[in-house]
Amino acid sequence: MKNRGYYGDFGGAFLPEILVATFDQLEQAFETAKKDPFFWESYTRLMASYSGRPTPLTFAENLTSHFKGARIYIKREDLNHTGAHKANNVMGQGLLVKKMGKKRVIAETGAGQHGVATATMAAKFGFDCTIYMGEKDVMRQRPNVFWMEQLGAEVVPVVDGTRILKDAINEAFRDWVTNMDSTHYVFGTACGPHPYPEMVTWFQSILGKEARNQIMEVEGKLPKRVYACVGGGSNAMGLFSGFLDDPVELVGVEAGGKGLSSGLHASRLCSEDASPGIAQGYKTYFLQDGDGQMKETHSISAGLDYVGVSPILSRMYDQGKARFESATDIEVVEALKLTMVREGIIPALESAHAFAQAFKEAPQLSEQDIIIINQSGRGDKDIFTVADAFDDPKWKEFIIKKAGEYSHA
Ligand SMILES: *Cc1c(COP(=O)(O)O)cnc(C)c1O
């Protein structure tokens, strides 16, 4: 029992006494589901009919000839319902909630993507839904807040602390302590106390298993390397899960922000600025100072802007089982632009980190080598950020005109 949920020295479940029984119940439900082949079957059936799975594995012919190196494939998680791999996790947890007989879900969200995904799941399953979001994020992410509310969720702006994601997580735990019997906390990534890292990874493994089958089918051999961006680590763990027993190099790409030496980044596993610590119920590498104060993080992509990282990835890092790199905001925007004009595909800024790193390495590989890039999400949501980054004058004009219409009304 003691070592449950530990990955080497990382992970664990550092919980207030009052939540222990609830976590035991969740772990029980998860363990039962894992052993039950019908559960996985009902999950894949749901994902097929509701979220378009299996998602395609697209051969990026034009990027491949552009770089004159490895054959580049893209796993299309952007084609999921709500536009990202997040659907895999929330729908899976939704099925578990039904099993546990609970009627209400809560979730934390930073950029709002996990909140929107959770709100769709709650609507579909008929659960009440409350989403906690830092007040600063509520102001920055109005389009997602709008959709969550239209989908029937209540969005609660959190005014504590720095009013961002980590404060929303604390507030969600506070809600849970008060409403344990009726409520499940849909955690958004492969972090947090046990069993979340393992459970979220299990649901996301659907994408890695598919990718492995698909590449074997079209190429008849394994890729040399696979690339995924790393925020909390759920899409990376999902992809890596398909290749853990294979001679495939696993590459995780963190947010390099304005550069690792600038201090303005969110790189936990490939910078000197993070160290192991315990916060928010689990042990992992956190971006913290010598006194354990969490540092400010920066990334052009809100989804990678997080101080912690999956304890399972921290373990893989320590063991050398995966390699971690970072891509800067500038490199990411360039990779995004190239992917758009060459392939007609618009990756999310998060996903574009994986593309940027793969593009650095592809030319050094041979034409016999295959690489897979996980496109964790679609970029439509990033239109404000990307238009700013491209400094598009017609977009600016449009925004100013829109704002004018409201101020005259
Ligand atoms: C949320 C998000 C991420 C980061 O989350 P992980 O748990 O690290 O996968 C990456 N890409 C997209 C598109 C996202 O929405």
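What you see below is based on every heavy atom in this structure, not just the backbone, and it leaves out hydrogens, waters and symmetry mates. Order of listing sets the numbers, starting from 1, for every ligand and every atom in it.
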Under 4.0 Å from one or more heavy atoms of G231, ligand 1 contributes atoms 8 (O)

Looking only at protein heavy atoms, which one is nearest to atom 12 (C) of ligand 1, and what is the separation?
S376 OG, 3.5 Å

Atom 7 (O) of ligand 1 sits nearest the protein heavy atom T189 OG1, 2.5 Å

Look at D137 together with R140 and state whether they make a salt bridge at an N to O cut-off of under 4.0 Å.
yes

Please could you name the atoms of ligand 1 that S234 approaches to less than 4.0 Å, counting only its heavy atoms?
6 (P), 7 (O), 8 (O), 9 (O)

So how far is it from K221 NZ to M216 CE, rounded to the nearest 0.5 Å?
10.5 Å

Ignoring angles and geometry beyond distance, decide whether H85 reaches within less than 3.5 Å of ligand 1 through its nitrogen or oxygen atoms.
yes

Which heavy atom of S299 sits nearest a heavy atom of L304, and at what distance?
OG-CB, 4.3 Å

Contacting atoms of ligand 1, where contact means under 4.0 angstrom from a heavy atom of G377
13 (C)

May I ask you to say whether E210 pairs ionically with R76, meaning some side-chain N is under 4.0 Å from a carboxylate O?
no

Salt-bridge criterion met for K381 and E350 (N-O under 4.0 Å)
yes

Identity and distance of the protein heavy atom lying nearest atom 4 (C) of ligand 1
G303 O, 3.3 Å

So, does Q204 use its side chain to make a donor-acceptor pair with the main chain of H85 at under 3.5 Å?
yes

Do the charged groups of D289 and K295 touch, with an N to O distance under 4.0 Å?
no

Which residue and non-hydrogen atom of the protein lie closest to atom 14 (C) of ligand 1, and at what distance in Å?
K86 NZ, 2.7 Å

Between ligand 1 and G233, is the shortest N or O to N or O distance under 3.5 Å?
yes

Mind checking whether A348 contacts ligand 1 via backbone (N, CA, C, O), side chain (CB onward), both or neither, at a 4.0 Å heavy-atom cut-off?
side chain

If we check side chain to side chain donor-acceptor pair (under 3.5 Å) with R104, which of these qualifies: D181, T183, D128?
T183

Measuring from non-hydrogen atoms of A236 to any atom of ligand 1, is the shortest distance under 4.0 Å?
no

